[in-house]
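Working notes, structure below.
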Amino acid sequence: MSHMSADEFRRNGHQVIDWIADYWESIDHRPVLAQVNPGEIAAKLPHHAPEHPEPFDAVLADLDEIVMPGITHWQHPRFFAYFPANSSPAAALGDLLSSGIGAQGMIWATSPALTELEQVVMDAFAEALGLPEAFRHNGSDGVGGGVIADTASTATFTALLAALHRSSGGRARVDGVATDRYTIYGSSQAHSSLLKASMMAGLGEQAIRSIDVDPATQAMDLDSLRAAVERDVAQGFRPVMIQAAVGTTSTGAVDPVALIGPVAREVGAWLHVDAAWAGVAAVRPELRWINDGVAEYADSYVTNPHKWLLTTFDCSTFWVRDRQALTGALSLLPEYLRNPASESGAVVDFRDWHPQLGRRFRAVKLWMVLRSYGLTGLRRHIGAGIAQARRIADLVLDDPRMAFAAPPVLGLVTFRIVADDNGTRLTDEQADLVTMTAMELVNASGVAYLSHTKVNDRTAIRIAVGGWRTTDADIETTWEQLRQAAASALATAPPTTEQPAG
Ligand SMILES: *Cc1c(COP(=O)(O)O)cnc(C)c1O
């Protein structure tokens, strides 16, 4: 057996850092979207682990020659398809340190600094976002706190488990939930992780109430929520959780948390706020309107530094107002983890805050990001994305062929092609087809990567900005490509009955 020697590790390590730096510098010249067929990469890879050690260079060579052509470049400056999953130099180094330290923080006693740094970082980050003091470990009441989850999906599932614990008066963890008629509420635009959480918790798809949205804003319609809750209560259901989205995935819509909160409170439902993408924008004080109502009403809140905020996947920050609902739902104490610190109650054991036992040192990554950029740097980064989105919104407004499908929100612009080059309005079906074709042409060009969605059942293009390498020039280049794509799509669209102009 041969580990790399310290010298070999240094040499190879330097080579890897160089590799990453070169990759980032060359990324603009690569097609954004991997242009390969299913199975193409797998067919080129060695299919058996080698019997004997291979040189490090051989692995890197295969990475370059075989793997990289099959990578869709999420760090590409013209990746606009999904919400950004920004890496950054600071986060990549933080992640590397976490790997090197290799500590397991399942409970405080297994590595005290891991837990305590995470508590401090989560409190500092809550403060940086203007989230309420009630969410902090060190808050005045001392019952809230934050934890780093792998993803928002896990955080939402965890919130549901806490909600079930509270709603069942602690019975859920003993008896299960099969015999209770729990219901969960989210808008029709809620992220699919809500449905998945219900399935995983054993409540099934049937527990989900999909609440209508305002067709103009795509935000949850309060009257529909109220009606659904009242109907369920009258029929003997128990509303266990209402999820408000602050920035939906499809259009960035912001549900009215301040109005949803009182409905949740009236029926004793847990209010979970899913701000996976948008929440980090609150580092800029003037954007804190997105969290109106959170301080008063939210029982839990999740946002992902691993999307917009430069913290290499995975890092999802999740706060609760009352940690006892979480630990009540999830704590276990196997004999081998018994220790005086836990029994004294003086420490936090994060194992009791999420589904899994083992946990890595993610806090060091977020800490590195917060300290390397400073709040000034993070605010500037969010501000740049918003300015670029505003530029795209202006380009949509200036193009008579285009129209917003939903109001632009923060770094997300959702629009469709609704008229031809002469300004003649397309039918809805024509517009769907032309919009989709134009998007596909842009993606096939390799110049940029966009995605589509449905808004009120009609096809729309989504451009999600906020990439850490995106410059203003990238916005212009992308728009030029889209302009050409729109012209081609319009030219090749099958002529159907035209509606008269005006
Ligand atoms: C991206 C997203 C999620 C899922 O995030 P993961 O961290 O990948 O689980 C959930 N909700 C919203 C609104 C999102 O945009």
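Read the numbers this way: they start at 1 and go in the same order the structure lists the ligands and their atoms.
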Note the single closest protein heavy atom to atom 9 (O) of ligand 1, along with its residue, its atom name and the distance in Å.
->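 Protein heavy atom with the smallest distance to atom 9 (O) of ligand 1: S153 OG, 2.5 Å.
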
For R371, does the CZ atom sit with more than 12 other heavy atoms under 6.0 Å from it, leaving out its own atoms?
-> no

State the atoms of ligand 1, each with its element, that fall below the 4.0 Å cut-off from a heavy-atom position in [X].
| X | value |
| --- | --- |
| G247 | 13 (C) |
| D274 | 10 (C), 11 (N), 12 (C), 13 (C) |
| K307 | 1 (C), 2 (C), 3 (C), 4 (C), 5 (O), 14 (C), 15 (O) |
| F83 | 15 (O) |
| A276 | 2 (C), 3 (C), 10 (C), 11 (N), 12 (C), 14 (C) |
| H306 | 7 (O) |

Test log, rule ring-ring contact (aromatic ring centres under 6.0 Å, His included), inputs H354 and F157 = CA-CA 9 Å; H354 48 47; F157 175 51; over 10 Å; no

Give a yes or no answer on whether the side chain of H73 reaches the backbone of Q75 with a donor-acceptor pair at less than 3.5 Å.
-> no

List the steps, then state whether ring-ring contact (aromatic ring centres under 6.0 Å, His included) holds for F415 with F404.
-> CA-CA 4 Å; F415 59 97; F404 294 125; 7.7 Å; no

Walk me through it: do W353 and H137 pass the test ring-ring contact (aromatic ring centres under 6.0 Å, His included)?
-> CA-CA 13 Å; W353 291 54; H137 291 277; 5.4 Å; yes

Would you say T248 and ligand 1 have an N/O pair spaced under 3.5 Å apart?
->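 There is no such contact.
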
Can you find an N/O atom of T249 closer than 3.5 Å to an N/O atom of ligand 1?
-> yes

Is the Lys NZ or Arg CZ of R462 less than 6.0 Å from the centre of F83's six-membered ring, within 45° of the axis?
->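 Yes, R462 and F83 form such a contact.
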
Side chain, backbone, both or neither: which part of N304 comes within less than 4.0 Å of ligand 1 when only heavy atoms are counted?
->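 Looking at N304 and ligand 1, just side chain atoms fall under 4.0 Å.
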
Between T151 and ligand 1, which part of the residue brings a heavy atom under 4.0 Å of the ligand: side chain, backbone, both or neither?
->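 It is both backbone and side chain that touch ligand 1.
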
Return the minimal non-hydrogen interatomic distance between S331 and R173, and the atom names on each side.
-> O-NH2, 2.9 Å

Does the distance from a Lys or Arg side-chain N to an Asp or Glu carboxylate O, for D150 and R359, drop under 4.0 Å?
->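 Answer for the salt bridge query: no.
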
